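Notes follow the structure.
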Amino acid sequence: MNRGNDRRYGAGLARATGALALGALLVSGAPLLSAISRVDQELAARLRGHIEILASDDFDGREPGTDGEAKTLRYLGKQWFDIGLVSGTNDPGHEWFAPVTLVAREPDSSAARFLRKGARTTVSPPGVLVLTSGKRSLVRNVPMLFLGKARGRDFTRTELAGRVAVVLDGDTPDGERQNDLLALGASAVLTVLDGDRSLDQVAARRKRTGYALSDDALGGDLEAFITREAMASLLKGTSRSLDGLEQAAAKADFVPVTLDITASLEATTRETTIRTHNLIGKLPGKRPESGAVLFLAHWDHFGECGEAPAEDVICNGAIDNASGVAALTEVARRLARGQQLDRDIYFLATTGEELGLLGAHAFAENPPLPPGQIVAAFNIDSIAIAPRGTPFAIVGRGMTALDGEIAKVAKAERFKLRANDDANEYVRRQDGWALIQHDIPAVMVTTAYGDMDRMRTFFEGDYHRPSDDLAHMARPLELGGAVDDGVDGSRSPAEADCLG
Ligand SMILES: [Zn+2]
């Protein structure tokens, strides 16, 4: 895909000229050219204004449960109120803000002891890390069953129940393989690291992903990791060696091997509760019984995430996702200005997206309206990516019944729509995915994924770094595609869809 001067799309030459002029303006701050529509100038300026405020150091990276959250929600709430939205929580006690309680669990203690068959004393080698998803979890003197890479073969409950499943680190992500084995009754899963990652890296990763909604924080799965060296030394004095086990596991006729060792594993976590909020506004329709349309964007980011002694440690999240809530706010303004629509339109700024789409899950689990009434949900995430005239992509294409409707609108409005599923590579990484899990049809319709190279450049660069702010980003903020996305002079695919 070529970058920039793409004249094939949009509404003819006048439009393309406008796009180039706007692009030039955004880069250089040069005086406005007459070819740009006043509406678009105004819109780009408003988007930039919101982003400047929300991504300023004063908001400290918009971390849930902090003063940065209070400032963010106060700012958005005032904007939405002034625009003319009403509260959408359907909860007189909470007005605009729907409480979401998150529980963070950080690994606290880890203990592993092993007993070799025939020996009297347990050994606790260094190089073992035990983790749990719950508060405290333990197993005592459980036999260990070596499964190799645990691939290419279905295991049975009879084999796994009451065993610690020992697996070689492989290409399957930890979560999936471990969940499968635990679901089949394994008491715990012990992964032998292959040297590509250290125990410290495993622990650090766990710290970042250890958040959950308060209700499903109970759990108690037990996972352990052991270095190659520790595993090799543990097997000394038994009838097996690690090298021998690895060779056996590589053969086609491999069968699981019961080791002459039993394991006692224990892990505890420290619990921190974060009280945070979704912001929900509404534009009431004339015929709410005809269903509701939901626009959403996550307001949260990581707070201070850089490593000292770096000068800038605040992850301001200008693109991710001040750009999205800015666009959400401007979609609301545009729809509030027009004639009253048939359907209720909900506007949702979610919390906890960066911690695992948790605000979106909370919304879907405790929605302010019957979720079946939501005929379409449009998520807006990190959209200050592509220039004007970039084709649209649907993130979630083929996963809802909305594609046909979106294609019709795109055709009528002369928007070019990508006809492949490339953008679905990212579908699980955005709030719409949480809604789809709850059978709410959700997509992102955006230029940001219309040029995957640009999106990848962002992911490899400023994404989730302190440089995702207006002062330090690698290239000047690009708002051309964002203007096309939700709110430009003609109707965008997403917006037009809710009028139909
Ligand atoms: Zn993010």
Side-chain angles (χ1 to χ4, degrees), residues 47 50-51 54-57 59-66 68-69 72-73 76 100 102 104 204-205 207-212 274 276-279 296-307 312-328 348-363 378-386 393 395-396 423-436 442 444 446-449 452 454-470 472-475 477-478 481-482 485:
L47 291 174
H50 295 313
I51 295 169
L54 293 164
S56 66
D57 283 357
F59 283 60
D60 209 17
R62 302 188 306 278
E63 189 178 1
T66 67
E69 164 168 355
T72 303
L73 294 183
L76 290 174
V100 176
L102 308 180
R205 186 158 185 281
K207 219 173 161 181
R208 273 235 154 156
T209 53
Y211 292 83
I274 300 174
T276 179
H277 303 83
N278 286 334
L279 173 67
L296 68 153
H298 76 88
W299 63 256
D300 67 300
H301 204 53
F302 286 110
E304 296 186 8
C305 68
E307 303 273 336
D312 182 9
V313 296
I314 302 174
C315 272
N316 304 72
I319 291 175
D320 182 11
N321 188 26
S323 71
V325 281
L328 179 66
L348 166 65
T350 58
T351 182
E353 189 272 351
E354 304 287 14
L355 306 174
L357 319 182
L358 298 176
H361 276 295
F363 174 88
F378 297 98
N379 187 30
I380 312 173
D381 197 344
S382 304
I383 59 163
I385 297 287
V395 180
N424 282 357
E425 183 186 337
Y426 297 97
V427 72
R428 290 163 187 263
R429 290 170 59 170
Q430 47 89 37
D431 272 343
W433 181 249
L435 302 184
I436 289 175
M444 289 206 288
T446 174
T447 56
Y449 287 87
M452 296 297 282
R454 281 178 187 276
M455 202 32 138
R456 288 202 183 95
T457 303
F458 170 62
F459 278 127
E460 284 155 18
D462 297 332
Y463 173 71
H464 288 185
R465 296 215 169 95
S467 58
D468 182 10
D469 72 6
L470 294 179
H472 299 103
M473 57 180 51
R475 57 195 70 212
L477 189 68
E478 171 61 80
D485 262 24

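Source: prediction; values computed, not measured. Indexing begins at 1, ligand by ligand and atom by atom, following the structure's order.
In this model, no donor atom of one side chain and acceptor atom of the other lie less than 3.5 Å apart for Asp462 and His472. No hydrogens or angles considered: a donor-acceptor pair under 3.5 Å links the side chains of Asp57 and Asn316.
Here Glu354 reaches the Zn ion (ligand 1): one of its N/O/S atoms is less than 2.8 Å from the metal.
Separating the CZ atom in Arg465 from the CZ atom in Phe458 is a distance of 10.5 Å, to the nearest 0.5 Å.
Residue-level check: among N/O/S atoms of His464, NE2 sits closest to the Zn ion (ligand 1). The nearest N/O/S atom of Asp320 to the Zn ion (ligand 1) is OD2.
For Arg456, the CZ atom counts as densely surrounded, since its 6.0 Å shell holds more than 12 non-hydrogen atoms of other residues, nucleotides or ligands.
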